[in-house]
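First comes the structure, then the notes that go with it.
Counting begins at 1 with the first residue of the sequence. Quick caveat: nothing in here was measured; it's all calculated off a predicted structure.
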Amino acid sequence: MITVRELIQVGGFAKNAVLAGEEFLDRELLGVTSFDSPDGHRWLRPGEFVLTTGFPFLTQKDSCEEGLTRLIDELVETGTPGLAIKLGRYIESLPPAVLAHAQNRQMPILSFPMEKAWSDVIVPVVQYINDKQRIELNRTHAIYERFHRHLTAGDPVSKLAELLHDLLQAPVSIQVPGCKWKWESPPEAFPADSEIGQKFGQTASRHLGMHPLAKSANGYPIRWLLHEQKVQGAIVVGQMDRELHAWEKVAIEQSAALLSLEMERMRSVAETYQRFRNDFLQLLLGGEIHAQDVLTRKADEVGWKLADHYTVVVMGVSPHERTGIENWTENHGLLEALRPLLSSLDLAILFGLDQHNRVVLLVPTAAETAEAVGSMRQVLEAVRSFAWQQPVFVGLGRFHSGRAGIVQSYREAQISFRTALRGSSASAAANTVVVDFHDLGLERILFAEQPGTEASSLAREYLGRIREYDREKNGQLLQTLQVFLQADGNHAEAAAQLFVHKNTIKYRLALIRELSGLNPENGHDQLLLRIAMTVQSIGYPQAEAGIMAKVRRRGNLHG
């Protein structure tokens with residue numbers, strides 16, 4: 001194809017031949033034709049440039065102006081890129097209203113020289129188009145040859161950016177966040193661009209699915225890479241301020257096809273690996289004892305590198321703890337959708353499905369440090385930003401050191417997950433419900449393997465700042481809390497026992513609420529405070545001794 005601007009040059013038109021629509025001369029045309037009948041437009045094909053003498057519009061009942069105006073409208077509807085009229089034969093000049101109408105309809109109009117025959121334009125333009133098509137075919141053939149050599153040489157997909165740069169003579173960037181691909185040729189030719197990151201993982205619009213080659217926000221050609229109507233990445237071509245030639249589009253499409261094939265291959269390998277990884281996760285979550293070298297070898301077999309410590313996250317999309325194929329299908333779909341997102345975090349997260357078909361994440365955790373908190377925050381932010389068609393429930397375990405700590409963190413994550421399910425409703429507005437075991441109260445004690453130890457931990461968390469306040473301020477908050485609880489929440493009775501005014505009790509309870517995060521006047525929080533005060537009065541060593549005695553008794557029974 002050529003443009004109207006090229007037609008002016010090839011067809012030998014004068015420099016002042018443009019009568020209207022000069023800013024639309026870059027419209028493309030497929031060929032040139034002529035007609036001099038009132039209904040000649042009916043046999044036009046879209047993309048054909050029209051030559052005419054204007055004679056039919058002098059013999060109609062309408063005026064010349066009306067006829068030409070109607071002709072312009074009909075040509076626009078047909079998809080005609082432009083019109084040339086031989087002025088001086090039947091029409092001396094075009095009325096200003098016709099030129100204005102052509103301008104409004106974005107229709108270029110040229111003045112056709114009197115001395116030229118139709119063939120003086122049609123023949124050289126057709127020859128020019130044929131020459132361009134031949135050049136395009138030769139270049140397209142050369143493109144296929146280059147990609148054939150790329151494949152037969154076994155070159156990796158990482159070389160595609162360099163290959164495209166050499167073919168297009170323009171900077172090229174290939175980005176697929178889920179596969180951690182970011183290749184540029186030449187290096188660092190593109191400024192930081194968040195457009196791909198923003199669209200990554202999002203559902204592609206119907207238009208984008210049909211036309212993945214588009215313009216980026218900065219005007220560069222961009223070929224979006226899609227899989228199952230999800231945006232996986234893109235090929236970006238820089239410094240292109242014109243439309244791409246056909247052979248250039250072929251080169252980009254060939255690259256996109258190879259990238260898609262490689263992504264599909266990686267997905268198939270990943271799914272095969274995932275089945276083995278799920279089995280390996282059961283070893284870690286179930287606490288099966290293996291020597292370090294055995295675990296390392298098994299991890300290497302599934303393509304994982306083990307960290308020393310992990311914190312466990314349990315996720316699911318079902319509002320009920322179902323088993324079977326339905327639950328597996330839902331959570332497997334969630335896992336596959338999360339895979340590129342988790343891989344892009346660069347945290348070496350181990351993830352898969354547990355024996356209940358729930359998604360399990362093992363997040364590497366160096367220790368209970370700011371770095372560990374930052375890693376979990378990254379994971380939670382990614383999960384919360386993840387858009388899924390139904391609510392996602394998330395349970396977080398706490399950090400416990402060593403491989404044995406995985407089992408305890410997993411147990412806590414399961415309790416948190418069940419709590420998230422229990423506290424949800426079908427009409428919940430939040431798309432992601434997250435429960436952290438650390439934020440639980442009564443559940444931490446009821447479902448703990450060592451309730452006494454967990455209760456002591458709660459007592460330290462809830463009462464630690466209150467004790468510190470009493471010590472520094474010589475206060476009586478703990479005594480006030482104990483008396484208030486013994487009085488079953490009766491302000492007047494507690495004030496009478498402490499010989500203070502009832503408002504003093506209320507003031508101290510407000511301080512307790514501020515320091516502990518629990519409201520002594522709330523029934524649920526009162527229960528937690530009663531447990532904490534009971535543990536404090538009994539003492540941690542006694543509670544621990546009771547637990548050990550219970551363990552010994554169990555051992556004697558089994559013995």
Side-chain angles (χ1 to χ4, degrees), residues 270-290 294-295 298-299 301-307 309-343 345 347-365 375-376 379-380 382-383 386 388 390-400 402-422 424 432-437 440 443-444 447-449:
E271 288 185 4
T272 302
Y273 266 128
Q274 193 61 60
R275 289 193 289 270
F276 294 105
R277 287 171 173 172
N278 291 344
D279 294 337
F280 179 67
L281 280 176
Q282 299 307 318
L283 298 179
L284 299 177
L285 299 174
E288 297 186 31
I289 304 301
H290 290 278
V294 175
L295 284 176
K298 287 181 175 294
E301 289 174 355
V302 296
W304 276 344
K305 183 177 181 181
L306 285 179
H309 314 286
Y310 288 96
T311 301
V312 181
V313 180
V314 173
M315 301 175 60
V317 298
S318 172
H320 308 288
E321 292 187 272
R322 293 177 292 182
T323 58
I325 189 63
E326 187 175 14
N327 196 24
W328 179 88
T329 300
E330 289 179 343
N331 288 322
H332 181 264
L334 173 64
L335 177 64
E336 290 306 305
L338 281 169
R339 183 189 301 279
L341 184 64
L342 295 172
S343 299
L345 293 178
L347 291 176
I349 298 172
L350 311 187
F351 51 87
L353 298 179
D354 66 6
Q355 60 183 347
H356 304 292
N357 292 323
R358 294 173 304 208
V359 178
V360 176
L361 315 181
L362 270 61
V363 182
T365 311
S375 297
M376 286 304 298
V379 173
L380 288 180
V383 168
F386 175 74
W388 192 248
Q390 53 184 308
V392 176
F393 304 95
V394 183
L396 309 181
R398 293 178 299 186
F399 169 82
H400 299 279
R403 302 281 161 72
I406 295 175
V407 180
Q408 192 168 352
S409 183
Y410 175 52
R411 176 182 173 84
E412 294 172 352
Q414 292 182 87
I415 295 170
S416 302
F417 176 76
R418 288 195 291 268
T419 305
L421 288 175
R422 186 191 65 190
S424 67
T432 305
V433 181
V434 180
V435 173
D436 191 336
F437 187 82
L440 296 178
E443 296 89 349
R444 283 173 58 177
F447 299 105
E449 290 186 342

Handout entry: Criterion salt bridge (charged side-chain N to carboxylate O under 4.0 Å, His left out) on Arg339 and Glu336, from CA distance to verdict
Key = CA-CA 5 Å; Arg339 183 189 301 279; Glu336 290 306 305; 2.7 Å; yes
Practice task
Carefully, step by step, assess Tyr410 and Leu281 under the rule side chain to side chain contact (heavy atoms under 4.5 Å, CB included).
Solution key: CA-CA 11 Å; Tyr410 175 52; Leu281 280 176; over 6 Å; no
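The two residues Leu440 and Thr419 come nearest to each other via the heavy atoms CD2-CG2, 3.8 Å. Between Arg398 and Ser409 the shortest heavy-atom distance is O-OG, 2.9 Å. When all heavy atoms of Val407 and Leu284 are compared, the closest pair comes out as CG2-O, 3.7 Å.
From Glu301, atom CD reaches atom CG of Asp279 across 11.5 Å, with rounding to the nearest 0.5 Å. Atom-to-atom distance recorded for Thr365:OG1 and His400:NE2 is 11.0 Å, nearest 0.5 angstrom. The distance from the CZ atom of Phe351 to the CG atom of Asn278 is 10.0 Å, given to the nearest 0.5 Å. The structure places CZ of Phe280 at 9.5 Å from CG of Leu362, a figure rounded to the nearest 0.5 Å. Expressed to the nearest 0.5 Å, how far CG of Leu334 lies from CZ of Arg358 amounts to 13.0 Å. Atoms CZ and CG, on Phe417 and Asp354 in that order, are 9.0 Å from each other to the nearest 0.5 Å.
Within the 4.5 Å cutoff, side-chain heavy atoms of Leu380 are placed close to those of Leu396. Using a 4.5 Å heavy-atom threshold, the side chains of Leu306 and Arg403 count as touching. Looking at heavy atoms from C-beta onward, Arg277 lies out of side-chain contact with Leu350 at the 4.5 angstrom threshold. Taking 4.5 Å as the limit, every side-chain heavy atom of Val394 sits out of range of all side-chain heavy atoms of Val314. The shortest side-chain heavy-atom distance between Pro364 and Ile349 falls under the 4.5 Å cut-off. Contact annotation: the side chain of Phe437 never approaches that of Val312 to less than 4.5 Å [non-hydrogen atoms, C-beta and beyond].
Between the side chain of Glu330 and the backbone N or O of Val317, no donor-acceptor pair lies under 3.5 Å.
Residues forming a side chain to side chain donor-acceptor pair (under 3.5 Å) with Ser416 (at least two apart in sequence, or on another chain): none. With sequence neighbours left out, the side chain to side chain donor-acceptor pair (under 3.5 Å) criterion links Glu271 to no other residue.
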